[in-house]
Participant: 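Before we start, here is the structure in question, set down as structure tokens.
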Amino acid sequence: MDDIKRIVADIDKRQLKPIYFLMGQESYYIDQLANYIEENVLTEEEKGFNQSILYGKDVSVDEIISAAKRFPMMAEYQVIIVKEAQDLSRNIEDLILYLKQMQPTTILVFCYKYKTLDKRKKLYKAIKEKGEVVESKRLYDNQIPDWIKRVLHGKNYSISPKAAILLLEFLGTDLAKINNELQKLMLVTPQGQQITPHIIEENIGISKDFNNFELQNALGQKDFKKAFRIINYFSQNPKEHPVQKTTPLLYLYFSKLLKYHALSDKSKFNAAKQLGINAYFVKDYVVGAKNYPMKKVSAMIEQIRTIDAKSKGVNAASATNADLLKELLINAAK
């Protein structure tokens, strides 16, 4: 995020603001910036008397204001970091009293996760005027592979497109969770080398051959033997591979395949842009479009909807997850 980079640069230049309000659905950037402030504003000697870590569930807004009005001891600043500040949401507007007369030697940091301030109210406007408000938004699925690539590039690593998709599929869009796994992978991979699906399988336990991404490819290529093997593998590991996780990914694939059919300009980079995918994967949609005419794609989408409903108990009788996916396979083969 550009705001994060700018604020870090300002901190390094000692251009500090009296209040930082870090909010939003993506906790990763909130934690990263709060940790940077915690580690870099004060020296180790100053931290003992002048750095406080508070938690929203344990303090009130009044207590935070009272602490913020204190003077630092033998230091230029005191730093107060309020973690889990979203627990103060019912009374957070009371902070406006402090904003009217802030202590210039206090650096006050709020980690307000999974929520945001009302931008129409006085508190948001006052913090925006006198300090920094950072809204950390959750990334979309199609943005995650590029994020993984950027993180690894900054550490002198690279990753194959397939490996990045594999991490997304199994770890979701939680950046903190993905970053933890990347740290593990970097420990076992020499700098300068590429992280591959094989390295992920060996060190994280994610199968490079039996996963939703490979099932999607098998269906797109009409390789039904491979798709059947993957479905059987899923049936032996139902907790790790619930059908409710598979159907949304297949729905997304066939929806994008329908969109690909409708493109007038099917050139590689235009298709990638319009579908919101890495250009590396356009070839999968070229193959899928050849194997599934538009009418068949529409039928597959409808079938996936039906299977998703059955997996949630709608007209499902006693069908297992494997039965439902095999039903999809039979329809794809028609």
Side-chain angles (χ1 to χ4, degrees), residues 140-142 144-145 161-162 165-166 168-170 172-173 207 209-238 240-334:
Y140 294 112
D141 286 13
N142 63 348
I144 299 295
K162 184 176 177 181
I165 290 291
L166 201 57
L168 167 63
E169 181 191 336
F170 279 85
T173 59
S207 173
D209 296 316
F210 298 97
N211 55 70
N212 285 317
F213 179 70
E214 290 299 327
L215 177 60
Q216 170 191 299
N217 280 346
L219 283 173
Q221 296 166 9
K222 287 204 166 184
D223 186 345
F224 298 122
K225 287 184 178 179
K226 180 178 178 181
F228 191 79
R229 288 198 301 271
I230 295 171
I231 290 170
N232 276 339
Y233 177 82
F234 285 2
S235 68
Q236 294 166 21
N237 303 272
E240 293 181 17
H241 302 282
V243 70
Q244 293 85 358
K245 186 176 178 181
T246 300
T247 48
L249 294 170
L250 294 180
Y251 179 84
L252 185 63
Y253 169 71
F254 281 101
S255 296
K256 288 184 176 180
L257 196 55
L258 192 65
K259 189 174 182 179
Y260 178 82
H261 270 296
L263 292 177
S264 56
D265 177 4
K266 291 184 171 64
S267 62
K268 181 177 179 179
F269 292 103
N270 184 64
K273 180 180 178 181
Q274 296 302 320
L275 299 181
I277 61 174
N278 188 297
Y280 174 86
F281 296 106
V282 171
K283 64 182 188 303
D284 297 332
Y285 290 86
V286 174
V287 172
K290 289 179 180 177
N291 287 329
Y292 295 89
M294 188 177 286
K295 187 175 180 180
K296 182 64 176 178
V297 174
S298 298
M300 288 295 293
I301 291 172
E302 187 59 34
Q303 181 68 21
I304 292 168
R305 283 175 174 162
T306 300
I307 286 173
D308 183 61
K310 286 183 177 181
S311 75
K312 296 168 182 173
V314 180
N315 300 321
S318 58
T320 65
N321 286 359
D323 292 335
L324 294 174
L325 290 175
K326 287 172 184 176
E327 183 181 331
L328 179 65
L329 205 58
I330 291 168
N331 280 277
K334 288 180 181 178

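In what follows, residues are counted from 1 in the order of the sequence shown.
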Participant: What's the shortest heavy-atom distance between M294 and A262, and which atoms?
Facilitator: CE-N, 4.0 Å

Participant: Out of curiosity, L258 CG to L263 CG, how far, rounded to the nearest 0.5 Å?
Facilitator: 10.0 Å

Participant: For the residue pair K283 and Y280, would you count it as a cation-pi contact if the rule is NZ or CZ under 6.0 angstrom from the ring centre and within 45 degrees of the ring axis?
Facilitator: yes

Participant: Determine whether L324 and E327 satisfy the following criterion, side-chain contact (heavy atoms from CB on, under 4.5 Å), listing intermediate values before the conclusion.
Facilitator: CA-CA 5 Å; L324 294 174; E327 183 181 331; 4.2 Å; yes

Participant: Got a donor-acceptor contact below 3.5 angstrom from the E169 side chain to the N212 backbone?
Facilitator: yes

Participant: May I ask you to test the L219-L329 pair for a side-chain heavy-atom distance under 4.5 Å?
Facilitator: yes

Participant: Counting only N and O atoms by type, is there a donor-acceptor contact under 3.5 Å from the side chain of K290 to the main-chain atoms of Q221?
Facilitator: no

Participant: Minimum heavy-atom separation for A272 to A279, with atom names?
Facilitator: CB-CA, 3.7 Å

Participant: Rounded to the nearest 0.5 Å, what separates atom CD1 in I230 from atom OG in S235?
Facilitator: 12.0 Å

Participant: Quick check for you: to the nearest 0.5 Å, what is the distance between L250 atom CG and L257 atom CG?
Facilitator: 12.0 Å

Participant: Look at atom OH of Y233 and say whether more than 12 heavy atoms of other residues, nucleotides or ligands are closer to it than 6.0 Å.
Facilitator: yes

Participant: side-chain contact (heavy atoms from CB on, under 4.5 Å) between L168 and T173: does it pass, once the steps are laid out?
Facilitator: CA-CA 7 Å; L168 167 63; T173 59; 4.1 Å; yes

Participant: Where is the tightest heavy-atom contact between M300 and F254, given as atom of each residue plus distance?
Facilitator: CE-CZ, 3.7 Å

Participant: Please report the closest heavy-atom contact between P145 and I165, naming both atoms and the distance.
Facilitator: CG-CD1, 3.9 Å

Participant: Taking the side chain as every heavy atom from C-beta outward, state whether V282 and F269 have any atom pair closer than 4.5 Å.
Facilitator: no

Participant: Does any N or O in the side chain of Q244 come within less than 3.5 Å of the main-chain N or O of S311, such that one atom is a donor and the other an acceptor?
Facilitator: yes

Participant: Does K226 offer a backbone N or O that forms a donor-acceptor pair with the side chain of D223 under 3.5 Å?
Facilitator: yes

Participant: Checking the side chain of K296 only, and the main-chain atoms of P293 only, is there a donor and an acceptor separated by less than 3.5 Å?
Facilitator: no

Participant: Donor-acceptor check, side chain of K259 to backbone of L275, threshold 3.5 angstrom: yes or no?
Facilitator: no

Participant: Test I231 against L328 for side-chain contact (heavy atoms from CB on, under 4.5 Å), laying out the working first.
Facilitator: CA-CA 11 Å; I231 290 170; L328 179 65; over 6 Å; no

Participant: Taking the six-membered ring of Y292, is NZ or CZ of K222 closer than 6.0 Å to its centre and within 45° of its axis?
Facilitator: yes

Participant: Is any side-chain N of the basic residue among K162 and E214 closer than 4.0 Å to the acidic one's carboxylate O?
Facilitator: yes

Participant: Which class fits the ring pair Y285 and Y253: parallel under 30°, tilted 30 to 60°, perpendicular over 60°?
Facilitator: tilted

Participant: Enter the distance from E240:CD to S207:OG here, rounded to the nearest 0.5 Å.
Facilitator: 10.0 Å

Participant: As an exercise, state the distance from CZ of F170 to CG of N211, rounded to the nearest 0.5 Å.
Facilitator: 5.0 Å

Participant: Is there a donor-acceptor pair closer than 3.5 Å between any side-chain N or O of D308 and the backbone N or O of T247?
Facilitator: no

Participant: If you look at every heavy atom in Y260 and A271, which pair is closest and at what distance?
Facilitator: CE1-CB, 4.0 Å

Participant: What's the verdict on side-chain contact (heavy atoms from CB on, under 4.5 Å) for R229 and F210, showing C-alpha distance, side-chain angles and the deciding distance?
Facilitator: CA-CA 8 Å; R229 288 198 301 271; F210 298 97; 4.2 Å; yes

Participant: Could you measure the distance from the CD1 atom of I301 to the CG atom of L252? Nearest 0.5 Å is fine.
Facilitator: 10.0 Å

